[in-house]
Amino acid sequence: MARVLVSSDHAGVETRAAICQTLRALGHDAVDMGPTGSAPVDYPGFAHALGRAVVNGEADWGVLVCGSGIGMSIAANKIAGVRAALANDPYSARMAREHNDANVLVVGARVIGPEMIREVVQAFAAASFTPGDDGRHRRRVEQIEP
């Protein structure tokens, strides 16, 4: 299966642990990148570290968690080659992979509950990029690359 990096800020510590459990139950190698406690931390550093590691091939994809998911999404997408997608439902998670070739899933721990997060992670993990019969999805992904 896939090697998946998982990181968060302080708002996502418990959610991150649950995501790692879900990924391992699906047979993936989930690597917890911290932080280790619930003391406030600055999320950009965690998003950048995970994003760089994914782009450098240290993992197949990654998952980021913060309170809303918005900050992590913005920070991760500053890394060239990262296509981070905030998903609050399984459909969006699946479409992010299938149509946008997302390589980082972002969830908001304070926006959706634990069961929905589990379903979102499962949907993202099960999906893969589909370039489209006419290559339209690949063409569009190429247009958003720096």
Side-chain angles (χ1 to χ4, degrees), residues 1-35 41 43-146:
M1 290 307 238
R3 179 176 170 84
V4 184
L5 303 179
V6 186
S7 190
S8 71
D9 69 358
H10 53 280
V13 171
E14 290 180 25
T15 300
R16 187 184 75 241
I19 288 170
C20 286
Q21 288 178 340
T22 296
L23 290 166
R24 290 176 184 133
L26 294 171
H28 298 291
D29 176 16
V31 179
D32 188 330
M33 294 183 67
V41 298
Y43 63 84
F46 290 93
H48 293 165
L50 184 140
R52 282 192 298 272
V54 168
V55 170
N56 290 335
E58 297 172 36
D60 297 296
W61 49 279
V63 181
L64 291 168
V65 186
C66 68
S68 68
I70 296 168
M72 284 290 200
S73 296
I74 293 169
N77 279 315
K78 297 294 183 183
I79 305 298
V82 168
R83 288 175 305 282
L86 174 59
N88 291 320
D89 60 83
Y91 176 79
S92 297
R94 184 170 58 85
M95 288 295 101
R97 289 278 279 183
E98 290 181 3
H99 290 194
N100 306 112
D101 200 16
N103 54 9
V104 176
L105 170 65
V106 187
V107 295
R110 295 176 178 157
V111 177
I112 57 176
E115 180 59 28
M116 182 57 69
I117 288 173
R118 187 180 66 74
E119 291 178 27
V120 166
V121 169
Q122 289 174 331
F124 193 87
S128 60
F129 182 58
T130 56
D133 295 337
D134 58 357
R136 68 188 178 281
H137 300 307
R138 180 171 313 285
R139 183 176 68 248
R140 293 168 186 160
V141 169
E142 289 170 357
Q143 290 176 33
I144 62 173
E145 289 298 314

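The figures that follow rest on heavy atoms only: side chains count, while hydrogens, waters and symmetry mates do not.
- How far CD of Q21 is from CG of D32: 10.5 Å, rounded to the nearest 0.5 Å.
- Residues V104 and V63 are not in side-chain contact: their nearest non-hydrogen atoms beyond the backbone lie 4.5 Å or more apart.
- In terms of the salt bridge (Lys or Arg N to Asp or Glu O under 4.0 Å) criterion, D89 has no residue partners (sequence neighbours excluded).
- Shortest non-hydrogen contact noted between H99 and F129 is O-CE1, 3.8 Å.
- Atom OG in S8 sits 11.0 Å away from atom CE in M33 (nearest 0.5 Å).
- No donor-acceptor distance shorter than 3.5 angstrom exists from the side chain of R94 to the backbone of A125, with no hydrogens or angles considered.
- Not a single donor-acceptor pair under 3.5 Å links the side chain of H28 to the backbone N or O of L23.
- Enclosure of atom CD in E14 is not indicated, since only 12 or fewer non-hydrogen atoms of other residues, nucleotides or ligands lie within 6.0 angstrom.
- A heavy-atom distance below 4.5 Å is not found between the side chains of V107 and N88.
- Scanning all heavy atoms of the two residues, the minimum distance from D60 to V54 falls at O-CG1, 4.5 Å.
- Taking 4.5 Å as the limit, some side-chain heavy atom of M72 sits within range of a side-chain heavy atom of F46.
- In terms of modelled atom types and a separation under 3.5 Å, the side chain of R16 and the main chain of V65 share no donor-acceptor contact.
- To the nearest 0.5 Å, atoms CG (L50) and CG (N103) are separated by 9.0 Å.
- A salt bridge links D29 with R3; the closest basic N to acidic carboxylate O contact falls under 4.0 Å.
- Residues Q122 and T22 approach most closely at CG-CG2, 4.1 Å, considering heavy atoms.
- The two residues A76 and L64 have their closest heavy-atom pair at CB-CD1, 3.6 Å.
- Counting only residues at least two apart or in different chains, side-chain hydrogen bond (donor to acceptor under 3.5 Å, both in side chains) contacts with residues 68-81 are absent.
- Summarising the geometry, atom CH2 belonging to W61 is positioned 14.0 Å from atom CZ belonging to R83; distances are rounded to the nearest 0.5 Å.
- The two atoms that bring R24 and A30 nearest to each other are NH2-O, 2.7 Å, heavy atoms only.
- Of all non-hydrogen atoms in A123 and P90, the two that sit nearest each other are CB-O, 3.5 Å.
- I19 is listed as a side-chain neighbour of I117, based on a closest heavy-atom distance under 4.5 Å.
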